[in-house]
Amino acid sequence: RDALAAAALVDQLAAEPLVEHVYREPILYPASWPGAPFPTPLPAAPGDLPPATPSFVSMQLSHGPTPDGHGVRAVAGVLGARGRGVGHFMIETSWILDHQERGPLPAANFVGPVPAFNPAYSHHGASGTSIVMADRNRYGITGIADEVDGRFVALELNGGYTNAIATVLANGQPGDVVLVVLMTLVPSLGPGSWLPIEFFQSAFDATLTATSNGFHLLLPAGNCNRSLDVPALLGRFDRNFRDSCSILVASSQGGALQRAPYSNWGSRVDAHSWGDAVVACGYGTLFFPNGDLRQTYTAAAPGTSSSTPHLAGVVAALQGAARRQLGQPLLNAEILDLLHTVGPQTPDVIGRRPDLVGMLQALGAIDGLTVAEPDVPLGGTIAAALDGPPNSIAALFGSFGTADRPLGFNRNVHLDLSAMVSLCAFVLTGAPAPYALPVPNTSSLQDVDVYFQAVRLLGTQPLYVTNSCQVTIL
């Protein structure tokens, strides 16, 4: 009876001349595989729990260099490219709270009510969160933008998608990244018609409101092997008809530059990332000792539920690097332009695979200083390289602290001047000049960050300040 009454009400409202759109509120679903029952969550993890968790970082192949990966490790040494200072909201159904890998996910970081553990959906939330912001440590995995300021909004407990977006807008600021790993089922289009949530006008309007206010909103293209350009979709994914300015993400088949068989595609898709063979927290198919949810890992997180968090991490890395190295955030249009122009293409209509190195070079955020690895162990060696015009005199400085001081040069000085030390000087020859700094095997240095920045002088030209770098001693 209730269903019939709802259908009659929809018909009555549709007949009103002032009503433009009317439909029953769609149900939103996580964009991944079905869940399975798991034990009740345990208390918060104080670091790596026993038994010791192996490092799975070498399995995070999407972090490798282009064309297979996004160049995540190569840019993680650029100060800001870990997302420091960038607000990151995630709208989701449920999470595994206090996983040992995710310091940003205590209950205090929720905006509004905190959802209870849900065996069908909590692993989905844990997986997406970890791809973006898993902690940088000696075990498990590392997120693409592990230094973002993570905030979380529970979908149902905040009254659905449109209200959740309103909650984000009330608690965030322009330049924040918003990850929504949800899709909707439209049965009238046939079985398994999983589409982006902005198929429905209310979701589209909420998304457009967010992007119009300067937020970067990422949505999955969906998992039903469907073109979003077909006439049956009424042009709702045709940018010439309407455009929410969200970033729509498809999936590739792991590292291969080809569409995953399940992924939707179309001209509206902005970019793609790995949708298979993704290492993430949750599910426990890779590591699940003692049945402890806080130590769950998988090597097979699939779907646009994996590719979309990858892109959220990429956007956060771009935004963090731009703020620090260029002194200002990127507009949504600038990020979309980078996604549409930098990175390897595929023969399928799923956009490019973003190349962070190429993007930061195009922005001028990498311009004279690089580090070989963003993390080094105790007893290891920090390797840096200085570059610039031949016959330039270059000097490298280091510090254990950061600053952001405008001293009248091309770029602010990012090192703590009170603790800055001079490390080396070179006359550049046209090839990168290497510098090696041995790290003492001293436990007090563990988990310490070291920061670097260089200056160049060429003839009578003004002093040039390079980008700054960051290395973590693990």
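Residues: numbered from 1 along the sequence shown. Quick caveat: nothing in here was measured; it's all calculated off a predicted structure.
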- Mutual orientation of the aromatic rings belonging to H310 and H63 [parallel < 30°, tilted 30-60°, perpendicular > 60°]: perpendicular
- In terms of ring plane angle, is the pair F152 and F110 parallel, tilted or perpendicular, where the classes change at 30° and 60°? tilted
Provide the closest heavy-atom pair for [X] versus [Y] in the form atom of the first, atom of the second, distance.
X: A312; Y: V177; answer: O-CG1, 4.1 Å
X: V78; Y: A365; answer: CG1-O, 4.0 Å
X: S399; Y: L415; answer: CB-CB, 4.1 Å
X: S127; Y: Y283; answer: CB-CE1, 3.9 Å
X: I247; Y: V315; answer: CD1-CG2, 3.9 Å
X: S246; Y: L219; answer: OG-CD1, 3.8 Å

Quick one about [Y] and [X] (side-chain donor to acceptor, distance below 3.5 Å, no hydrogens or angles considered), yes or no?
X: Q325; Y: S468; result: yes
X: H124; Y: T93; result: no
X: N158; Y: N163; result: no
X: S244; Y: R236; result: no
X: T53; Y: Q295; result: yes
X: N225; Y: R259; result: yes

Is there side-chain contact between [X] and [Y], with at least one heavy-atom pair below 4.5 Å?
X: M90; Y: M133; result: no
X: R324; Y: T402; result: yes
X: H272; Y: S263; result: no
X: V439; Y: I382; result: yes
X: R82; Y: D449; result: yes
X: V269; Y: V349; result: no
X: L378; Y: I473; result: yes
X: N137; Y: D447; result: no

- Message: Checking side chain to side chain contact (heavy atoms under 4.5 Å, CB included) between C245 and each of T207, L217, N332, which is the one that passes?
- Response: N332
- Note on the structure: Of T466, L386, L437, the one forming a side chain to side chain contact (heavy atoms under 4.5 Å, CB included) with F452 is L437
Quick check for you: to the nearest 0.5 Å, what is the distance between [X] atom [atom1] and [Y] atom [atom2]?
X: R73; Y: Q60; atom1: CZ; atom2: CD; answer: 8.5 Å
X: I141; Y: I131; atom1: CD1; atom2: CD1; answer: 7.0 Å
X: Q319; Y: L331; atom1: CD; atom2: CG; answer: 8.5 Å
X: R268; Y: L228; atom1: CZ; atom2: CG; answer: 9.0 Å
X: W265; Y: L248; atom1: CH2; atom2: CG; answer: 14.0 Å
X: L396; Y: L423; atom1: CG; atom2: CG; answer: 5.0 Å

Between [X] and [Y] (salt bridge meaning N to carboxylate O under 4.0 Å), is one present in this structure?
X: D176; Y: R151; answer: no
X: D270; Y: R239; answer: yes
X: D375; Y: R138; answer: no

- Query: So S251 and S307, side-chain hydrogen bond (donor to acceptor under 3.5 Å, both in side chains) or not? Walk me through it.
  - Reply: CA-CA 6 Å; S251 287; S307 59; 2.9 Å; yes
- How far apart are the C-alpha atoms of Y161 and F200, what are their side-chain angles, what is the distance that settles it, and do they pass the side-chain contact (heavy atoms from CB on, under 4.5 Å) test? CA-CA 11 Å; Y161 178 69; F200 292 100; over 6 Å; no
Strictly distance-based, threshold 3.5 Å: is any side-chain N or O of [X] a donor or acceptor partner for the main-chain N or O of [Y]?
X: T211; Y: L208; result: yes
X: Q470; Y: G77; result: no
X: D416; Y: A403; result: no
X: T442; Y: S444; result: no
X: T66; Y: P354; result: no
X: W194; Y: R226; result: no
X: T296; Y: L293; result: yes

- Task: Go through the steps to decide whether E101 and S130 satisfy the test side-chain hydrogen bond (donor to acceptor under 3.5 Å, both in side chains), and finish with yes or no.
- Result: CA-CA 7 Å; E101 278 279 11; S130 69; over 6 Å; no
- Task: Decide ring-ring contact (aromatic ring centres under 6.0 Å, His included) for Y297 and H99; before the verdict, give the C-alpha distance in whole Å, the side-chain angles of both, and the deciding distance to 0.1 Å.
- Result: CA-CA 10 Å; Y297 296 84; H99 192 287; 5.3 Å; yes
- Task: Take I165 and T209, measure what side-chain contact (heavy atoms from CB on, under 4.5 Å) needs, and give me the verdict at the end.
- Result: CA-CA 9 Å; I165 288 293; T209 300; 5.6 Å; no
- Could you walk me through whether N467 and H414 pass side-chain contact (heavy atoms from CB on, under 4.5 Å), step by step? CA-CA 9 Å; N467 64 283; H414 298 152; over 6 Å; no
- Message: Would F89 and T167 count as a side-chain contact (heavy atoms from CB on, under 4.5 Å) here? Give the steps.
- Response: CA-CA 10 Å; F89 288 85; T167 299; over 6 Å; no
- Does R242 count as lying over the ring of F204, i.e. NZ or CZ under 6.0 Å from the six-ring centre, within 45 degrees of the axis? yes
